[in-house]
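These notes are about the structure you will find just below.
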Amino acid sequence: MTAEARPGVSMVPGAEFRSYYDRAVLKASPWEIDIPIYLFSGGLAAGSSLLAAGADLSSRPGLRRAGRLTALGGLGVSLVALVHDLGRPGRFLKMLRVAKFTSPMSVGTWLLATYGPLAGVAAAGEVARLVGGPKSLGLPGQLLAAVERPAGVAAAVTAPTIASYTGVLLADTATPTWHGAYRELPFLFTASAAAASGGMGMLAAPVSEAGPARRMALAGALTELVAERRMEQSLGMLAEPLHQGRAGRWMRASSWLTAAGAVGTLLAGRSRVAAGLSGLALLAGSWCTRYGVFEAGQASARDPRYTVVPQRERIEAGEATPSVTAGSPAP
Amino acid sequence: MAEAHPVGFQWVVEAMNRGATVIHVDPRFTRTSALADEYVPLRAGTDIAFLGGIINYVLTHELDFREYVLAYTNAASIISEDFQDTDDLEGLFSGFNRETRTYDETSWQYAGREDHAEPAQETKQERQTAQPLQHESHGISLQDEPPRDDTLQHPNCVYQILKRHYARYTPEMVAETCGVPVEQFLEVCRAWTENSGRDRTTALVYSVGWTQHSVGVQYIRAGAILQLLLGNMGRPGGGILALRGHASIQGSTDIPTLFNLLPGYLVMPNPADHGSFREWIEDMGGGAGAKGFWANAEAYGVNLLKAYWGEKATADNDFCFDYLPRITGDHGTYRSVLDMIDGKVKGYFLLGQNPAVGSAHGKAQRLGMANLDWLVVRDLFEIESASFWKNSPEVETGEIVPEECATEVFLLPAAGHAEKEGTFTQTQRMLQWREKALEPPGDCRSELWFFYHLGRMVRERLAGSTDARDRPVLDLAWDYPVDGPHEEPSAEAVLREINGYEVATGRPLASFTEMRTDGSTLGGCWIYTGVFADGVNQAARRKPGSEQGPVALEWGWVWPANRRILYNRASADPEGRPWSERKAYVWWDEEQGRWTGHDVPDFEVAKSPSYRAPAGASGVEALSGDDAFIMMGDGKGALFVPQGLLDGPLPTHYEPVESLFRNPLYAQQANPTRLEYRREENRMNPGGADAHTDVFPFVFTTSRLTEHHTAGGMSRYLQYLSELQPEMFVEVSPALAEERGLEHLGWCHVVTARAAIEGRVMVTERLRPLRVEGRTVHQAWLPYHWGSGGMVTGDSANDLLGIVLDPNVLIQESKVGTCDVRSGRRPRGQALLDLVAEYRRRAGLVGATYPPVLTTGKGTEQ
Amino acid sequence: MTRTNSLYGPLDPARDAGYVDPPPRKGFFTDTSICIGCKACEVACKEWNEVPDQGFDLLGSSYDNTGALGANSWRHVAFVEQGSGSTGTRAPVDLGMPTVRGEQEDAAEAAGGDSDKPDFRWLMSSDVCKHCTHAACLDVCPTGSLFRTEFGTVVVQDDICNGCGYCVPACPYGVIERRKGPSGAKNVGIAQKCTLCYDRLGAGQEPACAKACPTDSIQFGDLDELRGRAQERVAALHERGVSSARLYGHDPQDGVGGAGAFFLLLDEPEVYGLPPDPIVTTRDLPSMYRRAGVAAGALLAGAAAAFLGGRR
Ligand SMILES: Nc1nc2c(c(=O)[nH]1)N[C@H]1C(S)=C(S)[C@@H](COP(=O)(O)OP(=O)(O)OC[C@H]3O[C@@H](n4cnc5c(=O)[nH]c(N)nc54)[C@H](O)[C@@H]3O)O[C@H]1N2
Ligand SMILES: Nc1nc2c(c(=O)[nH]1)N[C@H]1C(S)=C(S)[C@@H](COP(=O)(O)OP(=O)(O)OC[C@H]3O[C@@H](n4cnc5c(=O)[nH]c(N)nc54)[C@H](O)[C@@H]3O)O[C@H]1N2
Ligand code: SF4
Ligand code: SF4
Ligand code: SF4
Ligand code: SF4
Ligand code: SF4
Ligand SMILES: [Mo]
């Protein structure tokens, strides 16, 4: 109570550290559930655009429709989440004042600003078809029919960046568990996007057309599982938050769901129901990954241990930058 | 000092950066201790024992600055043979009257000067009127040189008396009494003495940790003896620095808000001593044949009266001396409040004070105010002293019923210090002019405005009255230029009048030596004369330190005569040469035949060091060329004080009134002359000599937090300060917490015979138990800033305190008391009263008997 | 993304930001060895910058009741009581008439000799935004609200910030924060932190906190000059036996390229709530982008493969 530069209550044996009244050194991001929703829906949209373009080019109308509409939905949810996070729509526009390479959020904004309209046009084509075909809409309809495919392909080309940049978005912070995972997070999130969109394809497209979705889902799921393991290894003690508390529950659910989804995808054969369930599991797994990683990062920022101990270890190992000089030990 | 005078503390830090060593003596570890080189924890209320121990160390090892001591102090002066010391009388001095608990000072006088003493029956009245506060600046009045022994061997010379008096204050005794270990104590002794002398000086800094005791004045006296012995007075880097309180509290003693003083430390007349103008002047030292600067008291008195009554004040009517109000006894704040409870006071003005929170015995304060007809409160906010009738602990207990409380409260909004111009006089006696930064909002007005217009309206009401008692008001010189829509009087015009001027020409006086006794000059406060010299507001000078010498004489203006260090004649040796190059400050320039140096010499500029007063000389002339302490009748720094102190000529350790311990030095337990009000609501906890001290087993002390200001009117009503210390708390050591089951941040309540208050528990090693007389003493600490109003509220520490006063200046003993500390919140309503009553019962504080003040059989009767 | 230290390493930030002939870089040297914990800096900052209060909470952390730097505390004074580790549950012991002493004994402590160890000290330290040479907050800000001033400092433009909150987790010192309240306060929802009194600097005045600091614990000035002064101060303290004195954040080679506001501390940084070895996150940004690029490429390729490989 009084001598507060005391060792923190350590859960890792040997990781004694000192802090200021056990208070956080860092600030956790002020983000709430909007952001993991955005991570998830953006990834889903991106993967779906890829599937849609592939389906378009390989004449799988069902998969194309599912992909384009999912992309549109994902995009919509993303925007709503972003605007909700900012509080007012006008605030989003301020992002467009500048383009900053050092800001993953700025980069992401411009990527979204590129990808979004393209995916939107492609989806518009799909919607037009649903309401009676582009031709029925006159000149705009014709125009739409003409640009629909190029837009869809262009969206697909930009989409992967939407899936992967969110890894950088989180990693490019001082939040210990996010930054510590900067090598793996882009892969994890991209794989997670693939698994989710593949799963969505399996869920929404006819089984006959869903082969590419299954393959993407499977590859995504497996990569996601591997990337997650790799991430934990390189995080060291910073992986703790991924196992503890709320984040731990979500991460465990993520592993089980993704693994189950992957197995299901392999075994489902041509069963519509099994495919659907597998797809659902992958979607859920992807969501759990996003939310789990998000929460783990928040927790790591709130506990001074994850700031102090690794940095202290760096100093002890002689790897530190010279933040402190000319102190003890005494001459 | 870092806590309560952070801005002043910058100079301590600067001194430290230049190599100074800082020692902090305090019951608890504070922000000052954090920076100090050495922190000495001592039991609250035992500083005289501590300082006495150092005096003893100095004298035993003959470490005094002998040349200085011989020349500038009364060490060699010989005291009456009748003098008997505390060693012989179990803690009393000779001349004690057991009946009145006062001293006859006859035996304390210089040998052969016994007739100068105040008769004993008068000292009782002096206590009532805090006369020593008047004497403080008047020194000893003498008509000729007292006998001396320059070898310091005479058994009754001050030096030998001092030596005997403090011989008991050994390091072991200090350890036992104060809880300071011998080794640490000796370290302080060494540091202090090694850093004093020809080439080095040590400064002593104190504030209310020293004053708010039943022996407060003697605390300072002990410091003065030490500093005189070590030659640290009147010299750069030395001195006794009283860190004063409110921004211009020095100003409000110079131009006093005290009932017993007039501006410039002139005495407020009382009918017994001051029947006539002449008697008044003589009592202030202005008698025929008197020595020293107070010999000019007549000029100071006449100029003040002229400032009050202008043309109406003439030599023929003794300058309207009869118009001055007279004091008839104790009109101090505590007496007045008790009189309010007794229904003897009808109306009350409160300006810039919040006694409901800030004064000892909060309940008495509030009950007193609740028994008035009317109360005027001028403040920045609706403080507790204005809202007590609807929101106070007594409303909670039912002792005040809002619907029935008849006091009519007039709350008048005051302008803050940034909203008006004028001067602040700070702790160095420096006047600094302050510009108005912004207009006061709404109906807020300055004090100047309020009093000027109140006076104007009263005079208008009385105009044409033939009643003699209205003359003093109607004859006042009450005309100041006013300005602006609110007719704000000119503060500069007031300062000009305070400075004084020639009546005929209006020429501002340059020095109080220009003041005349014939009425041709006037001046409101003689010590301030010169602040408007040459018609220039000298207090407004702001020449940066970098553009002038180290003493910075051109920043502001310091009374008297812009002199930065008082008695600075003592910075040179008797021959007028600096004691050392390093400490050169003011010296005699033989060639020019005058005093010169870095500061304004505190001496007649042309008086040679070799000047010897001719026999029979009087006034300033009677001061010799080496009489450095020019305000003292004998020109000497007083190691021994023959006149003026009511509780003894030498500081003697007495226990605080509420103490857990028996006085280890003398049979007399606590200050025998203290002023007590023995009333049911003012029961004191048992002291060390009484039974039942175990009922209140802990010592507590109260003081300040940097984050708040006194009674909170200027801090608890502001969000930026409130958030910094948002709640009343009680600091306890881990050991006390353990003993009483107190949990950090939990609640506790503190109980005394007056009240129980609650606060959050702050467990901290900054508070530590001390070993005293073989026992462990736990000390608790409380800030006293909280009350029921403002943004952050809490119980008031002052509710815990009873009223017991130092006899000399009537300051309350609010720095030390005993208490019990218990876990949890205090009871509410009637249950609270019951709890306190139960404690009183257990402590034996019932019925009409009170524990005896005198705990010794000795002491002479007159 | 070039290798010219624009993300990491020593740099003149104002020049890097494009100012052609900027004034000397300004900063703070906070010498905590002479901080008296008066909090004048906290209050002066709030008064000048109209920062709302934090709420009235007794925190029980010595005399610190504002807790940490944040949107509503741009200066924060830490109070650390270091004693025998007592928490109020220890046996009531005679603490042995302790000499609680200043820094001299730190030498003994630091040297590991506990014979004359101080048994208590009270550290106080006023913390503030570091105005990093490589400011992660500024780097990641997507709107350009955070910008580098001509004085080399880092400032939020309230009217441009959109409250995205990205700067908050980016700061390696946990300084900047989005203002949550109180309702009615200005700039709620906007990222807030010390501006190094940009408005005052522009008018040739020193920052409010430094101006108010009575002991000159907070020293404002040209960063180069301050760094020299700080070295001298540490040397002087070491000479006086205060070997625990150390500088924090003054070295341009450190993880943020040197802080514009650096400190003299008497214990390890984490004791004051400071990170011991902060590194600007954007140091690793190029690597992150490369990896994101590879991941994106892999997804594109994978998707293509999913369509091309085996028609089922
Ligand atoms: N921030 C702030 N500054 C203030 C004020 C304020 O309220 N807040 N008030 C102003 C006023 S009006 C005044 S008078 C001054 C007062 O200034 P200070 O006298 O410095 O104020 P306190 O904190 O009341 O008391 C000082 C110390 O005395 C210690 N003490 C108590 N009893 C004893 C004792 O017996 N012996 C010794 N040696 N020490 C003891 C206390 O533990 C405390 O640390 O401050 C002025 N400045
Ligand atoms: N237990 C305990 N009690 C103590 C002390 C202690 O140490 N311990 N210290 C004592 C000391 S040293 C002091 S000085 C007293 C202080 O006690 P008080 O003087 O009763 O308390 P303050 O809060 O200083 O009251 C000053 C009031 O003046 C108001 N004010 C400010 N400026 C102006 C102005 O220009 N005009 C007018 N009209 N009003 C103004 C403020 O708002 C405030 O309410 O407390 C004493 N009480
Ligand atoms: S409040 Fe005023 S008088 Fe007191 S320390 Fe601060 S500046 Fe000085
Ligand atoms: S300390 Fe944090 S908020 Fe301040 S400039 Fe550095 S990164 Fe930005
Ligand atoms: S919250 Fe404001 S200042 Fe911070 S990164 Fe976003 S836009 Fe920039
Ligand atoms: S520089 Fe200005 S904004 Fe920054 S902490 Fe100091 S006063 Fe506040
Ligand atoms: S103003 Fe200076 S001394 Fe006071 S707390 Fe702030 S840094 Fe410390
Ligand atoms: Mo005071």
Side-chain angles (χ1 to χ4, degrees), chain A residues 1-3 5 18-21 23 25-27 29-31 50 54 58 86-87 91 94-95 97-98 102-103 105-106 109 160-161 163-165 167-168 171-175 179 182 186-187 190 194 211-212 215-216 219 307-308 311-312 314-315 320-330, chain C residues 61 68 78 80-83 85-88 107 110-111 139-144 160 162-166 168-172 174 177-178 189 234 243-244 246-249 251 253-255 269-273 275-277 281-282 284-285 288 291-292 295-296 299-300 302-303 306-307 312:
Chain A
M1 250 162 268
T2 52
R18 300 202 290 169
S19 74
Y20 185 67
Y21 300 97
R23 281 185 202 140
V25 174
L26 300 172
K27 294 259 181 302
S29 82
W31 301 327
L50 279 164
S58 63
L86 295 177
R91 287 187 169 163
K94 291 193 174 169
M95 301 271 197
R97 287 182 73 244
V98 290
T102 57
S103 170
M105 194 178 278
S106 174
T109 303
T161 59
S164 70
Y165 103 88
V168 180
D172 193 28
T173 61
T175 299
H179 184 86
Y182 78 86
F187 293 101
T190 308
R215 283 187 287 279
M216 194 150 106
T307 309
V308 174
Q311 297 189 14
R312 197 47 43 225
R314 220 147 59 205
I315 293 170
T321 66
S323 277
V324 181
T325 47
S328 52
Chain C
S61 36
V80 180
E81 297 185 8
Q82 292 180 334
S86 164
T87 59
D139 282 350
V140 305
C141 174
T143 62
I160 290 178
N162 69 354
C164 74
Y166 199 16
V168 176
C171 169
E177 192 184 29
R178 214 161 67 174
V234 171
S243 66
S244 64
R246 69 205 69 192
L247 295 182
Y248 173 75
D251 193 331
Q253 301 291 341
D254 76 9
E270 58 266 38
V271 166
Y272 299 90
D277 183 34
T281 180
T282 35
D284 301 320
L285 187 57
M288 295 179 210
R291 283 156 190 276
L299 178 58
L300 193 59
F307 281 94
R312 271 216 265 172

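To find a chain, count down the sequence lines: A is the first, B the second, and so on, and within it residues start at 1. The shown structure was predicted, so the numbers you read here are calculated from the model rather than taken from an experiment.
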Query raised in the report: Most heavy-atom pairs under 4.5 angstrom with chain C, which of Thr175(A), Val168(A), Thr161(A), Ile315(A)?
Result: Val168(A)
Report summary line: For Tyr20(A) and Ala78(C), the nearest pair of non-hydrogen atoms, with its separation, is OH-CA, 3.2 Å
**Report entry** Pro169(C) side chain near Pro30(A) side chain, heavy-atom distance below 4.5 Å
**Finding:** yes
Requested in this report: Kindly determine whether Asp172(A) and Thr282(C) satisfy side-chain hydrogen bond (donor to acceptor under 3.5 Å, both in side chains), including the steps that lead there.
Outcome: CA-CA 6 Å; Asp172(A) 193 28; Thr282(C) 35; 5.1 Å; no
Query raised in the report: Between Gly174(C) and Lys27(A), which heavy-atom pair has the shortest distance, and what is it?
Result: O-NZ, 3.0 Å
**Report entry** Between OH on residue Tyr21(A) and CD on residue Glu81(C), distance to nearest 0.5 Å
**Finding:** 5.5 Å
Query - Minimum side-chain heavy-atom gap Pro276(C)-Val324(A) below 4.5 Å - result: no
Report summary line: What one should report as the nearest heavy-atom pair of Pro186(A) and Ala292(C) is CB-CA, 3.7 Å
Query raised in the report: Taking C-beta and beyond as the side chain, do Arg312(A) and Pro269(C) meet within less than 4.5 Å on heavy atoms?
Result: yes
Requested in this report: Taking all non-hydrogen atoms of both residues into account, name the closest pair between Pro160(A) and Leu299(C) and its distance.
Outcome: CA-CD2, 3.9 Å
Report task. Taking Arg97(A) for its side chain and Thr143(C) for its backbone only, find out whether a donor-acceptor pair lies under 3.5 Å. Result -> yes
Report task. Report the option among Thr109(A), Val98(A), Thr307(A) that has the most heavy-atom pairs separated by less than 4.5 Å from atoms of chain C. Result -> Val98(A)
Query raised in the report: Arg291(C) versus chain A, heavy atoms under 4.5 Å apart: side chain, backbone, both or neither?
Result: both
**Report entry** pair Leu285(C)-Tyr182(A): side-chain heavy atoms closer than 4.5 Å
**Finding:** no
Query raised in the report: Passes side-chain contact (heavy atoms from CB on, under 4.5 Å), Met95(A) versus Asn162(C)? Steps please.
Result: CA-CA 8 Å; Met95(A) 301 271 197; Asn162(C) 69 354; 3.4 Å; yes
Query raised in the report: What are the two closest heavy atoms between Cys164(C) and Trp31(A), and how far apart are they?
Result: O-NE1, 2.7 Å
Query raised in the report: Is there side-chain contact between Asp284(C) and His179(A), with at least one heavy-atom pair below 4.5 Å?
Result: yes
Requested in this report: Can you tell which part of Tyr248(C) gets under 4.5 Å to a heavy atom of chain A, answering side chain, backbone, both or neither?
Outcome: both
Query raised in the report: When heavy-atom pairs shorter than 4.5 Å are enumerated against chain A, which of Gly163(C), Gly144(C), Ala68(C) gives the highest number?
Result: Gly144(C)
Report task. Under 4.5 Å heavy-atom distance to chain C, tell me which part of Arg314(A) shows up: side chain, backbone, both or neither. Result -> side chain
Report summary line: All heavy atoms of Ala295(C) vs all of Ser164(A), minimum pair found to be CB-CB, 4.1 Å
Query raised in the report: With no hydrogens and no angle check, is any side-chain donor or acceptor of Thr173(A) less than 3.5 Å from a backbone partner on Ala170(C)?
Result: no
Query raised in the report: Can any side-chain N or O of Asp254(C) pair as donor or acceptor with the backbone N or O of Ser323(A) at less than 3.5 Å?
Result: no
Requested in this report: Find out whether Cys171(C) and Leu26(A) are in side-chain contact, i.e. whether some heavy atom of one side chain is under 4.5 Å from a heavy atom of the other.
Outcome: no
Report summary line: Given Gly54(A), Ser29(A), Ala219(A), the one with more heavy-atom pairs under 4.5 angstrom with chain C than any other is Gly54(A)
